[in-house]
Amino acid sequence: CNLQPKDAAKMPESAWKLLFYTLSWSYGIYLLFFTDYPFFYDPPSVFYDWKKGMDVPTDIAIAYLLQCSFYGHSIYATAYMDTWRKDSVVMLLHHVVTLTLIAFSYAFRLCWGKLCWVLRLSRDPRGPLNPPCSLCPGRFWFRLYWFPLKVLYATCYSSLQLVPNIPFYFFFNALLLVLTLMNIYWFLYIVLFVAKVLMGQMQEVNDVREYDVEDSKKT
């Protein structure tokens, strides 16, 4: 493709994420709109008839398996394979929190992880695309509107109404709130990018999360 060395080095990471998130997002759409699950239109429904040790439907178990495998790998990839960026430490924390939510929610047959997974649609706050593509309203709509409105409302409020003694309430909701703070953190990067473009401080499209040449030498 006649890419510059810097871009060629990042191509495998971007191509892999684009492939995975396309498949993951498509499967999430399938679960939300082409099955009998009412999660999207009625988020509290994930807590209806909840019982400890209840069976996990096969299609939901597949989602758990895919996501758990991906985020287990992502912890290693972020630390040793991907381009190191200013937000890489936060990204590592994001992967650890996400993997913990997925693993514990499956182990205890809780619904936080299931609800979080099928409603967020795109899990990685960075996304597989470059910053200009990340400016689409969907990023704000999914992560800063639907996520609090549907996921946090169901887990923080509805769960206690439907299952008063539901276990690990504070543990799971604390992790979900941490994810929300991370979403706000990455949204600020988008705002910074837009501000630099509007003020003419950016001559070409660059990722504001990446280090400058001088910074990278110091790092």
Side-chain angles (χ1 to χ4, degrees), residues 10-43 45-46 56-78 81-83 85 87 90-92 94-103 105-106 111-155 175-176 178-180 182-187 189-190 193 207 209:
K10 294 185 293 186
M11 177 60 73
E13 174 189 351
S14 298
W16 158 242
K17 289 182 177 180
L18 177 61
L19 173 63
F20 176 81
Y21 291 125
T22 299
L23 297 175
S24 175
W25 192 86
S26 299
Y27 191 56
I29 291 295
Y30 163 74
L31 290 177
L32 285 175
F33 302 111
F34 296 94
T35 65
D36 294 330
Y37 298 122
F39 302 148
F40 184 78
Y41 299 105
D42 185 19
S45 64
V46 297
V56 177
T58 301
D59 50 2
I60 296 293
I62 291 174
Y64 270 103
L65 177 62
L66 292 175
Q67 294 292 324
C68 194
S69 300
F70 176 76
Y71 281 98
H73 160 74
S74 294
I75 293 175
Y76 173 84
T78 301
M81 297 173 62
D82 297 345
T83 301
R85 301 180 175 93
D87 65 338
V90 180
M91 180 58 65
L92 276 173
H94 170 273
H95 294 338
V96 171
V97 170
T98 301
L99 187 61
T100 301
L101 277 169
I102 295 172
S105 66
Y106 184 85
C111 301
W112 278 278
K114 176 172 65 176
L115 180 66
C116 181
W117 186 84
V118 298
L119 288 182
R120 285 191 69 188
L121 300 183
S122 176
R123 292 299 302 263
D124 194 332
R126 283 179 178 170
L129 305 176
N130 288 326
C133 304
S134 301
L135 297 179
C136 63
R139 290 185 64 86
F140 175 85
W141 193 257
F142 290 146
R143 299 188 177 97
L144 298 181
Y145 178 72
W146 270 350
F147 186 67
L149 180 66
K150 292 180 177 292
V151 177
L152 296 183
Y153 173 79
T155 60
L175 294 182
L176 289 175
V178 169
L179 289 181
T180 303
M182 292 181 187
N183 289 336
I184 297 173
Y185 170 79
W186 275 297
F187 180 71
Y189 266 115
I190 296 177
F193 172 82
D207 192 338
R209 297 169 295 120

Ring-plane angle category for Phe20 and Trp16, please: parallel below 30°, perpendicular beyond 60°, tilted otherwise. tilted
Compare all side-chain heavy atoms of Tyr64 with those of Ile60 and state whether any distance is below 4.5 angstrom. yes
Of all the heavy-atom pairs spanning Phe40 and Lys150, show the shortest one and how long it is. O-NZ, 2.8 Å
Minimum-distance pair of heavy atoms, taken over all atoms of Phe147 and Leu176: CE2-O, 3.9 Å
Nearest heavy-atom contact between Val56 and Ala61 is CG1-N, 3.8 Å
Find the distance between OH (Tyr145) and CG (Asn183) and round it off to the nearest 0.5 Å. 16.0 Å
When every non-hydrogen atom of Cys68 is compared with those of Ile102, the smallest separation belongs to CB-CG2, 4.0 Å
Hey, does the side chain of Ser105 reach the backbone of Leu101 with a donor-acceptor pair shorter than 3.5 angstrom? yes
Side chain to side chain donor-acceptor pair (under 3.5 Å) filter on Tyr185, not counting sequence neighbours, yields Tyr189
Between OG1 of Thr180 and CZ of Arg143, what distance do you get to the nearest 0.5 Å? 12.0 Å
Chi angles and distances behind the side-chain hydrogen bond (donor to acceptor under 3.5 Å, both in side chains) call for Tyr37, Asp59: CA-CA 11 Å; Tyr37 298 122; Asp59 50 2; 2.6 Å; yes
Roughly how far apart are Ile75 CD1 and Phe70 CZ, rounded to 0.5 Å? 11.0 Å
What heavy-atom pair brings Val96 and Thr100 nearest, and what distance separates the two atoms? O-OG1, 2.7 Å
Nearest 0.5 Å, please: how far is CH2 in Trp25 from CG in Leu18? 13.0 Å
How long is the span from the CG atom in Leu31 to the CD1 atom in Ile62, to the nearest 0.5 Å? 9.0 Å
May I ask you to test the Thr98-Met182 pair for a side-chain heavy-atom distance under 4.5 Å? no
Euclidean distance, Lys17 NZ relative to Ser24 OG, rounded to 0.5 Å: 13.5 Å
Check Phe34 against Ile29 and note the closest heavy-atom contact, atom names and distance. CD1-O, 3.7 Å
